[in-house]
There are 2 protein chains.
Amino acid sequence: MPAALADDVAMDVKTVCLGMLTDGPASGYDMKKCFESTFGHFFPAGYGSIYPALATLARNGLVEFEEVPQEGKPDRKVYNITDAGRAELDKALSNPTPTHKVRSEFLAMMCFAHLMTDEQINEVIDNKLTELDSFLKLLDELPICQADGSNKGTQFVAGFGRFVASSLKRYINENRDMLTQSDTKDLKIAVGN
Amino acid sequence: MPAALADDVAMDVKTVCLGMLTDGPASGYDMKKCFESTFGHFFPAGYGSIYPALATLARNGLVEFEEVPQEGKPDRKVYNITDAGRAELDKALSNPTPTHKVRSEFLAMMCFAHLMTDEQINEVIDNKLTELDSFLKLLDELPICQADGSNKGTQFVAGFGRFVASSLKRYINENRDMLTQSDTKDLKIAVGN
DNA sequence: GATGCATACTATCAGTTTGATATATAAATG
DNA sequence: CATTTATATATCAAACTGATAGTATGCATC
């Protein structure tokens with residue numbers, strides 16, 4: 001067998017912060033906005049994970065920061081990636097099997113649809129469809145945060161999001177009857193591998 | 001405005017365990033198998049969350065358990081849902097906006113594709129496609145864990161999984177060139193809302 | 001002119017979840 | 001005979017979530 005990877009670097013919040021910094025200096029606040037606008041849709045992170053991540057990165061010498069005083073506003077801690085940080089990022093990007101996890105209260109709930117009223121089910125479905133529409137609309141307005149926003153990777157990912165959201169909409173619209181009607185209905189969309 | 005929900009019950013591991021118990025008594029080990037076979041694909045949970053969840057549910061009187069001795073094997077703690085537990089589950093199922101979250105190291109990594117070699121990118125993509133194939137194959141063998149496995153909800157959710165996995169495969173296959181070729185290529189799949 | 005809200009910035013904390021590990025026995029696999 | 005798999009429990013460090021807190025300015029709204 002091939003030797004196990006010496007020191008596995010996960011694609012976690014720390015690593016994504018490192019990646020953002022390859023595009024230029026930024027504060028924790030800047031990164032939070034970036035997570036909100038784009039990354040957060042497939043890799044959520046709040047202050048509770050960003051600030052500790054930056055603190056750990058700084059402690060390990062993977063980033064440096066300088067405190068920039070501002071007039072009328074709190075000081076900014078502006079972070080920069082170091083050479084050690086770049087090396088660590090490279091390690092993380094060499095993991096050949098990154099995960100793609102879903103945690104869906106929605107699907108878990110639908111498993112218990114037989115314990116719900118039709119009214120409850122319809123409300124949940126309608127809300128989910130509305131949410132998907134908002135998401136698609138948001139993607140159309142494309143608020144890319146990275147300076148190099150037009151890079152192939154982010155285009156691929158945005159297209160991915162658009163495609164998945166549209167697919168979900170279609171599946172839900174065409175199969176929602178299954179959940180509320182008591183007579184036997186089959187899946188309307190059959191899929192070949 | 002409508003009064004805020006008195007005591008928000010989240011659709012968390014505790015609640016899913018309650019839901020599983022509406023189908024009959026089960027041990028933590030049984031539930032883990034159920035998470036592994038079906039639920040885990042869209043709502044993962046390991047021993048580290050299942051056992052504490054059951055302990056909390058028992059402490060709050062939402063489930064009861066009896067220890068069943070076995071020959072040659074460790075004792076089983078067999079759990080049953082109580083009336084209070086059923087009421088709690090009903091509360092959780094009345095939440096009209098259950099979440100659907102994605103956490104994708106894969107997409108995060110693809111955002112930094114410009115920092116990777118074509119070889120690295122292709123390996124990641126190939127692995128992801130293989131993973132999706134395994135998932136689709138697994139769904140075709142349908143190891144439903146609930147006695148009432150043929151209920152509409154689980155059928156809807158299984159179809160959902162199949163549809164999403166096939167969509168992902170298609171998107172990745174048709175757009176992977178974007179990531180590795182240096183000349184400008186556009187998305188091959190355009191989607192209307 | 002006051003009250004509240006949005007923006008800009010930092011940071012912490014309780015509760016949950018993750019993923020690995022520990023313990024113990026038996027059966028099957030190589 | 002050694003290893004792995006299955007049956008069952010449980011715990012722990014590290015990470016993450018979502019909310020909250022503090023502090024200062026400006027901008028509406030009442």
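Chain A is the first sequence line, chain B the second, and so forth, proteins listed ahead of strands; every chain is numbered from 1.
- Relative to the side chain of A:Pro52, the nucleotides D:dT17, D:dT11, C:dT12 differ in distance, and C:dT12 lies closest.
- A:Lys101 has no side-chain polar atom (N or O) that falls below the 4.0 Å cut-off from OP1 or OP2 of C:dT17.
- Ring geometry for B:Tyr47 against B:Tyr51 counts as parallel: the plane angle stays under 30°, on a 0 to 90° scale with 60° as the upper cut.
- Look at CG on B:Asp12: it is 15 Å from C1' on C:dT18, rounded to the nearest Å.
- When each of D:dT17, D:dT7, C:dT17 is scored by its nearest atom to the side-chain atoms of A:Arg103, the top-ranked nucleotide is C:dT17.
- Side-chain proximity of A:Arg76 to D:dA15, C:dC9, C:dT18: nearest is C:dC9.
- A donor-acceptor contact shorter than 3.5 Å is absent between the side chain of A:Thr22 and the backbone of A:Leu18.
- Looking only at distances, no side-chain donor or acceptor of B:Ser94 sits under 3.5 Å from a matching main-chain atom of A:Gln120.
- The distance between atom CZ of A:Phe43 and atom P of D:dA15, rounded to the nearest whole Å, is 13 Å.
- Nearest to the side chain of B:Lys14, among C:dG19, C:dT16, D:dT17, sits C:dT16.
- Using the six-membered ring where Trp is involved, B:Phe156 and A:Tyr171 have ring planes that are tilted, between 30° and 60° apart.
- At the phosphate of C:dT16, neither OP1 nor OP2 sits under 4.0 Å from any side-chain N or O atom of B:Ser49.
- Here C:dT17 is the nucleotide among C:dT17, C:dA11, D:dT9 with the atom lying nearest to any side-chain atom of B:Val13.
- Residue contacts for B:Lys32: at a heavy-atom cut-off of 4.0 Å it reaches no nucleic acid atom on any strand shown.
- Counting only heavy atoms from C-beta on, A:Gln70 has its side chain closest to C:dC9 among D:dT7, C:dC9, C:dT17.
- Computed from coordinates, the B:Asp75 CG to C:dT23 P distance equals 19 Å when rounded to whole Å.
- Toward the 5' end of DNA chain D, the nearer of the two residues B:Tyr79 and A:Met11, judged by each one's closest nucleotide, is B:Tyr79.
- Regarding contacts with the backbone of C:dA8, a side-chain N or O of A:Tyr29 is found under 4.0 angstrom from either OP1 or OP2.
- Of the possible donor and acceptor atoms, one in the side chain of B:Thr82 sits under 3.5 Å from a partner among the backbone N and O of B:Gly61.
- What separates CZ of A:Arg59 from C1' of D:dA14 is a distance of 12 Å, to the nearest Å.
- Comparing D:dA10, C:dT10, D:dT17 by their closest approach to the side chain of A:Tyr51 singles out C:dT10.
- Atom CZ in A:Phe65 sits about 17 Å away from atom P in C:dC9, given to the nearest Å.
- Of the candidate nucleotides C:dT10, D:dT9, D:dT7, D:dT7 has the atom lying nearest to any side-chain atom of B:Lys33.
- What separates OH of A:Tyr47 from C1' of D:dT23 is a distance of 14 Å, to the nearest Å.
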